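Just so it is clear, the structure is predicted and the values come from calculations on it, not from any experiment. Here is how names work: the chains are called A, B, and so on, in the same order as the sequence lines, proteins then strands, and each is numbered from 1.
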Amino acid sequence: MRYLKNKLKIVLEPFIFDEYGEKNEIRFLNPPKPEMGDLTISSAFEIGKKLRKNPREIASSFVNILEEMDEIDRIDIAGPGYLNIFFNKRYFLSNIEKIFTLKRDKAEYKKIIVEHTNINPNKAAHIGHLRNAVLGDTLSRMLKERGENVEIQNYIDDTGVQVADVVYGVLHIDKLSIDDLKKMDRIDYYLWDLYVKVHLKDDEETKKMRREVHHKIEQGILPEKDYAEIISLGVLKRHLETVKRLGIDYDVLPRESDIINLKFWENAFDILKEKSVIRYQDEGVNKGCWVMDVFEDGEDREKIIVKSNGAITYVGKDISYHLWKFGLLNKDFYYKKMDEKHYISISDPDQAVNDISFGNGERVYNVIDQRQSYLQNIVKKALEKLGYEKAAENLVHFSYEVVALSKKSAEDLGFKIDSEKKIVEVSGRKGIGVKADDLIDELERRAKEEIEKRHPDFPEEKINEISKKIGSGALRYYMLKYTLNAIIVFDFDEALKFEGETGPYLQYSNVRMKSLFKKYEERFGENVENSIDNIPDFSILPEEEKNKLWETIVFASRLDSELELSINNLEPSRLAKYGFYLCQKFNYIYNSFSVINEEDEEKRKLRLITIYIIYKQLNKILDILGIEKPDIM
RNA sequence: GCGCCCGUAGCUCAACAGGAUAGAGCAUUGGAUUUCUAAUCCAAAUGUUGGGGGUUCGAGUCCCUCCGGGCGUGCCA
């Protein structure tokens, strides 16, 4: 549709300038009802407002010039001044390739970095982490589909207190050896429980011991350091397997331990001091700290970057990491291959693979939940104060709300909830949450039941293959259908549904189309793809059917704008919903008009072509949403 | 205290940069299969968009105010 919009702009914008002396960038709307037109222009309102003229009159003045265009069949002026366009169907259908393309002519940025997932490698992943991973993965896919060069990073905080806490637990509560840990096949599940145990004892003595363990890990003291490494790597591998079930991968896994080892901070510290972004505070409450002045809430405040004991705060590390991301730090990681898909950062140049490099992005999306907005903003401010305004501008916090449990779900899981609140926060410390793998297992189990009902004769492997696709598709859609600032109140009944507005609904629609094409080719010996070359005239159809098919084709042609809006407004849910609506339209057509049994060849063809257009678009949508496509359901 | 977000049908959520008669799913009731897969479709019913005021051709959307809820505001990460 972008193709047609551009054509309209080229004609109309100069006309408006000549006629009204206004530089009006034309905005397009979708008519609320399909019978009102295929596309709406609302520029007459804007010009009318400025020139104090009747919008209807202005809109009328556009009619002649537009009606001369080959692309347009007719124009309607509606309501107070809407300009409703009806495209020429013949023109439209014979230019389908151009009208339906998603890729832009060229990428907007040299390189875009998307950071997501970032699960602490100290316990099993839970549903909250899945929302992050699915959103981040989908954002990456959206950007790629539009033609951007995207690098996906998953930051591993392998030296933080969370890892230290479980190291403490392993050493001082369960007293396990390194070998014991290595033998475990579900180290993430084991640590999930251990982490809760660690936080059960919260007296000063154990807190002090945990701090010591943390300190030793940071200093590289044995055996704590080895334990930390075994644990973080072991859990990381499990996390990668978990998200792999949803089709999620990364290009590179930068580790915090390497940021420390390679002294990224030292460079960042120098730059920050040199440009006077931070200063040493020698009096007051923050005596002995390096602080950054920030102006917020209408007052000057100090944000501590280096603590009085010389330790760097989280924000400090994040600033240095972001300087690296934008290629503004004179330091780099070394990398080795972790498995066939992922590179992981290392500190030792001798083990490093050559000719691979990451970072140096022009634009950065950080997929991090809304609670971290404040810190993300500090990092942005630091970049700004350093004079890297372009980078600050291109640092985007892709912020979303958390996943919570409904009180009922929490109680069903066996957690005792005392509070009056309706929703329960997911908490690793308390062990309250649904483990990602458990949820995926359950989804697959239910999908399997459904398939067995329908196809009792299918071999086991086939059933497993399909149930995996359905389970993952259901989960991904569930995580995507909500707008970012909606808290997902997780509910088992809702998440495990395969009917209505769900991933399987989209998958099922796709399966129906595919099998229809197969039957068509068997029956008529004609390749579906070829049939699009010779399109009969829509006017042979009865009014109702013609409108329905045409409306659906126009709707399907909006995918490019929907993708743009999803990216620009940072709302993947928009695209998910659009996919759902498209399938609704398909299912209506499918139920109302038969293809195979239609005797009139032209009618049959028009129906087939409409469905084929939907099919092409739905396939792109499913790829972007990361929803797999079973060939049969 | 200050800052950000949310309040829409019984429930869970939509509504493009302020656009036309606020839409889906679930649940409820009734219906559709000699016909391309019923994980589908059709129909019915459900609304003072938390309350009040303002801005304008037009407000669920913007501004003010009140009520109710969530989060943030660490020498934690």
Does R604(A) have a side-chain nitrogen or oxygen under 4.0 Å from the phosphate oxygens OP1 or OP2 of C36(B)?
no
With nearest nucleotides of RNA chain B determined for K303(A) and Y590(A) from heavy-atom distances, which residue corresponds to the more 5′ nucleotide?
Y590(A)
Restricting to non-hydrogen atoms, name the atom on G428(A) and the atom on K123(A) that form the minimum distance, rounded to 0.1 Å.
CA-CE, 3.8 Å
Please work out if Y578(A) contacts a base, only the sugar-phosphate, or nothing of the nucleic acid, heavy-atom cut-off 4.0 Å.
nothing
Output the rounded distance in Å from CZ (F498(A)) to P (U40(B)).
12 Å
At under 4.0 Å, does any side-chain N or O of Y374(A) touch on OP1 or OP2 of C2(B)?
no
If you compare every side-chain N and O of N120(A) against the phosphate oxygens of A77(B) (OP1, OP2), does one of them come in below 4.0 Å?
no
Check every strand shown and say whether S594(A) touches a base, only sugar-phosphate, or nothing at a heavy-atom separation below 4.0 Å.
base
Determine: side-chain N/O of N485(A) to OP1/OP2 of C6(B), distance under 4.0 Å, yes or no.
yes
Scan I304(A) against the nucleic acid and name what it touches under 4.0 Å (heavy atoms): base, sugar-phosphate only, or nothing.
base
Distance between C1' atoms of G53(B) and A9(B) (Å, rounded)
26 Å
Under 3.5 Å, which donor-acceptor pairs link side chains of residues 578-594 of chain A to any protein atom two or more places apart or in another chain?
unit_1, atom_1, unit_2, atom_2, d
Y578(A), OH, F555(A), O, 2.6
Y578(A), OH, A556(A), O, 3.2
Y578(A), OH, L559(A), N, 3.2
K585(A), NZ, E551(A), OE2, 2.8
N587(A), OD1, R512(A), NH1, 2.8
N587(A), ND2, Y505(A), OH, 3.1
N587(A), ND2, S509(A), OG, 3.2
N587(A), ND2, C583(A), O, 3.2
N591(A), ND2, N587(A), O, 2.9
S592(A), OG, Y588(A), O, 2.6
S594(A), OG, N597(A), N, 3.3
S594(A), OG, N597(A), ND2, 3.4

Same-atom distance (C1') from U46(B) to A39(B), integer angstrom
26 Å
Could you check whether atom CD of E522(A) has more than 12 heavy atoms from other residues, nucleotides or ligands sitting under 6.0 Å from it?
yes
Got a minute to check which stems RNA chain B is part of, using Watson-Crick or G-U wobble pairs under 3.5 Å, three or more consecutive?
B:1-7 with B:67-73, B:10-13 with B:23-26, B:28-32 with B:40-44, B:50-54 with B:62-66
Quick one: R371(A) CZ to A77(B) P, roughly how many Å, whole number?
16 Å
Which part of the nucleic acid does R523(A) contact within heavy-atom distance under 4.0 Å: base, sugar-phosphate only, or nothing?
nothing
Does S308(A) make a side-chain donor-acceptor contact with the base of C75(B), cut-off 3.5 Å?
yes
When the distance from CG of D491(A) to C1' of C11(B) is rounded to whole Å, what number comes out?
10 Å
Which whole-number value in Å describes the distance from D369(A) CG to C4(B) C1'?
14 Å
Between the protein and nucleotides 23-27 of chain B, list every N/O to N/O distance that falls short of 3.5 Å.
unit_1, atom_1, unit_2, atom_2, d
A24(B), O3', Q584(A), NE2, 3.2
G25(B), OP1, Q584(A), NE2, 3.2
C26(B), O2', K497(A), NZ, 3.3

Please confirm whether the shortest side-chain N or O distance from Y508(A) to OP1 or OP2 of A39(B) is below 4.0 Å.
yes
Once you round to the nearest 0.5 Å, how far does CD1 of I596(A) lie from CZ of R523(A)?
6.5 Å
Would you say T40(A) and N84(A) are linked by a side-chain donor-acceptor pair, where the criterion is simply a distance under 3.5 Å?
yes
With heavy atoms under 4.0 Å as the rule, sort K287(A) into base, sugar-phosphate or nothing.
base
What's V306(A) touching, base or sugar-phosphate or nothing? Going by heavy atoms closer than 4.0 Å.
nothing
Please round to the nearest 0.5 Å and tell me the distance separating atom CD of E401(A) and atom CD of Q370(A).
4.0 Å
Kindly give the atom pairs (protein nitrogen or oxygen, nucleotide nitrogen or oxygen) under 3.5 Å for nucleotides 20-22 of chain B.
unit_1, atom_1, unit_2, atom_2, d
A20(B), N6, T40(A), OG1, 3.0
A20(B), N6, N84(A), OD1, 3.2
A20(B), N1, N84(A), ND2, 3.3

If anything within 90° of 0 is syn and all else is anti, what is A32(B)?
anti
Does U37(B) have OP1 or OP2 sitting under 4.0 Å from an N or O in the side chain of K519(A)?
yes
Can you say whether the rings of Y478(A) and F490(A) are parallel (under 30°), tilted (30 to 60°) or perpendicular (over 60°)?
perpendicular
Exercise: identify the closest heavy-atom pair between V367(A) and H116(A):
CB-CB, 3.6 Å
Please state whether the phosphate of A39(B), meaning OP1 or OP2, lies under 4.0 angstrom from any side-chain nitrogen or oxygen of K469(A).
no
Look at all strands and tell whether I423(A) reaches a base, only sugar-phosphate, or nothing, counting heavy atoms closer than 4.0 Å.
nothing
Contact class for V285(A) (heavy atom, under 4.0 Å): base, sugar-phosphate, or nothing?
base
Please report the interatomic distance CZ(R279(A)) to CG(L272(A)), rounded to the nearest 0.5 Å.
13.5 Å
Partners meeting side-chain contact (heavy atoms from CB on, under 4.5 Å) with E25(A) (sequence neighbours left out):
K9(A), E13(A)
Atom of K514(A), atom of Y615(A) and distance for their closest heavy-atom approach
CG-OH, 3.5 Å
On RNA chain B, more 5' by nearest nucleotide between R429(A) and F45(A) is F45(A)
Can you tell me how far apart CD1 (I26(A)) and CD1 (I41(A)) are? Round to the nearest 0.5 Å.
5.0 Å
With sequence neighbours left out, what residues match H455(A) under ring-ring contact (aromatic ring centres under 6.0 Å, His included)?
F458(A)
Taken to the nearest whole Å, CZ/F586(A) to C1'/A38(B) is 13 Å
Base, sugar-phosphate, or nothing: which does I41(A) touch, judged by heavy atoms less than 4.0 Å apart?
nothing
When all nucleic acid strands are considered with a 4.0 Å heavy-atom cut-off, which category describes Y482(A): base, sugar-phosphate, or nothing?
sugar-phosphate
Side chain to side chain donor-acceptor pair (under 3.5 Å) partner of S257(A), chosen from D157(A), D158(A), T159(A)
D158(A)
